[in-house]
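Count residues from 1 along the sequence.
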Amino acid sequence: MQTLSNMRRDSSYSQSLKNILLLLGLFVYECLASMFVYLPPLLGVLFLLFRHYDQKEDFWQFCIIIAIMFVVEIFYDMPLWLLFVLFVVLRYIVIAWLTHFNVKYIIHIAQVILTYIGLYVALVCISIITHATLDLNPIVLVYYCLFEIVLVSIYEYTI
C-alpha cells in the first residue's frame, strides 16, 4: 500500500505537460523550418533525443520522438519510416561500434554527421531504386550539419 501511495504522489501532470509542450514546440519549429530554408530540420538533435530516450527506456517520450520523426518525414516529403529505420541502424550498429573506441567527447558530433550522411545515402539509394530525381543539395545538408554541430556542442558544453 505504501508503494501505491508513493506512486500516486510521484505521478503528476508535469511530465505529461512537458511531453505535450515538447511535441508542440518541435511541431511549430518543423513548420517554420519547412517554410524557411535556412532553418535545419534538426535531424541530428532528433537522433540524439531518440538515442537518449531509448537508453532511458521512457516509453511515452520515445513515442513523442517517433511522432516528431513522422512529422519531419511528412514535411520534407521523405518516405515514411525512413528516419526510424535510419536511426535504429545508426543506434544499434554504427554508434554501438563507435563507443568501443572511447570517443565519448566527440560522439555527439559524430552522431550529427552520421545522421546527415546516412540520410543522404538512404535518399540516394531510394532515388536510384525508384528512378526518381533527388531534389536535395549536399551543400544544404552540410550547412544543416554544421549548424546542428554548433547547437549540440553548445548544449553539451553548457551542461
A side-chain contact here means heavy atoms from C-beta on lying under 4.5 Å apart; do Tyr29 and Pro40 qualify? yes
Test log, rule side chain to side chain contact (heavy atoms under 4.5 Å, CB included), inputs Leu136 and Val140: CA-CA 8 Å; Leu136 184 65; Val140 173; 5.9 Å; no
With a cut-off of 6.0 Å (strictly less than), are more than 12 heavy atoms of other residues, nucleotides or ligands near CG of Asn137? yes
Output every pair passing salt bridge (Lys or Arg N to Asp or Glu O under 4.0 Å) with a member in residues 26-46, not counting sequence neighbours, ordered by first then second residue. none
Determine whether more than 12 heavy atoms belonging to other residues, nucleotides or ligands lie under 6.0 Å from atom CD1 of Ile139. no
Is there a path of hydrophobic side-chain contacts, each under 4.5 Å between heavy atoms, that joins Phe36 and Leu46? yes
Is Leu24 reachable from Leu49 through a run of hydrophobic residues whose side-chain heavy atoms are each under 4.5 Å from the next? no
Can you tell me if Tyr144 uses its side chain to pair, donor with acceptor, with the backbone of Leu42 under 3.5 Å? no
I'd like a table of donor-acceptor pairs (distance under 3.5 Å, sequence neighbours excluded) in which one partner is a side-chain atom from residues 71-91, with atom names and distances.
{"from": "Glu73", "atom 1": "OE1", "to": "Trp81", "atom 2": "N", "distance (Å)": "3.1"}
{"from": "Glu73", "atom 1": "OE2", "to": "Trp81", "atom 2": "N", "distance (Å)": "3.4"}
{"from": "Glu73", "atom 1": "OE2", "to": "Leu82", "atom 2": "N", "distance (Å)": "3.0"}
{"from": "Glu73", "atom 1": "OE2", "to": "Leu83", "atom 2": "N", "distance (Å)": "2.7"}
{"from": "Tyr76", "atom 1": "OH", "to": "Ala33", "atom 2": "O", "distance (Å)": "3.4"}
{"from": "Arg91", "atom 1": "NE", "to": "Asp54", "atom 2": "OD2", "distance (Å)": "3.1"}

May I ask you to test the Ile154-Val150 pair for a side-chain heavy-atom distance under 4.5 Å? yes
Are Ile107 and Tyr92 co-members of a hydrophobic cluster defined by side-chain heavy atoms under 4.5 Å apart? yes
Is the gap between the ring centers of Phe62 and Phe50 under 6.0 Å? yes
Show me the donor-acceptor pairs, under 3.5 Å and distance only, between side chains in residues 113-132 and residues at least two apart or in other chains.
{"from": "Thr115", "atom 1": "OG1", "to": "Gln111", "atom 2": "O", "distance (Å)": "2.6"}
{"from": "Tyr116", "atom 1": "OH", "to": "Leu43", "atom 2": "N", "distance (Å)": "3.4"}
{"from": "Tyr116", "atom 1": "OH", "to": "Glu148", "atom 2": "OE2", "distance (Å)": "2.2"}
{"from": "Ser127", "atom 1": "OG", "to": "Leu123", "atom 2": "O", "distance (Å)": "3.3"}
{"from": "Ser127", "atom 1": "OG", "to": "Val124", "atom 2": "O", "distance (Å)": "2.8"}
{"from": "Thr130", "atom 1": "OG1", "to": "Ile126", "atom 2": "O", "distance (Å)": "2.8"}

Taking the side chain as every heavy atom from C-beta outward, state whether Phe147 and Tyr38 have any atom pair closer than 4.5 Å. no
Test of understanding: clusters of I, L, V, M, F, W, Y form through side-chain heavy atoms closer than 4.5 Å, transitively. Do Met69 and Phe59 belong to the same one? no
Does Glu57, at its CD atom, have more than 12 non-hydrogen atoms belonging to other residues, nucleotides or ligands within less than 6.0 Å? no
Co-membership, hydrophobic cluster, residues Leu39 and Met35, 4.5 Å side-chain: yes
Find the distance between CD1 (Ile64) and CD1 (Ile20) and round it off to the nearest 0.5 Å. 7.5 Å
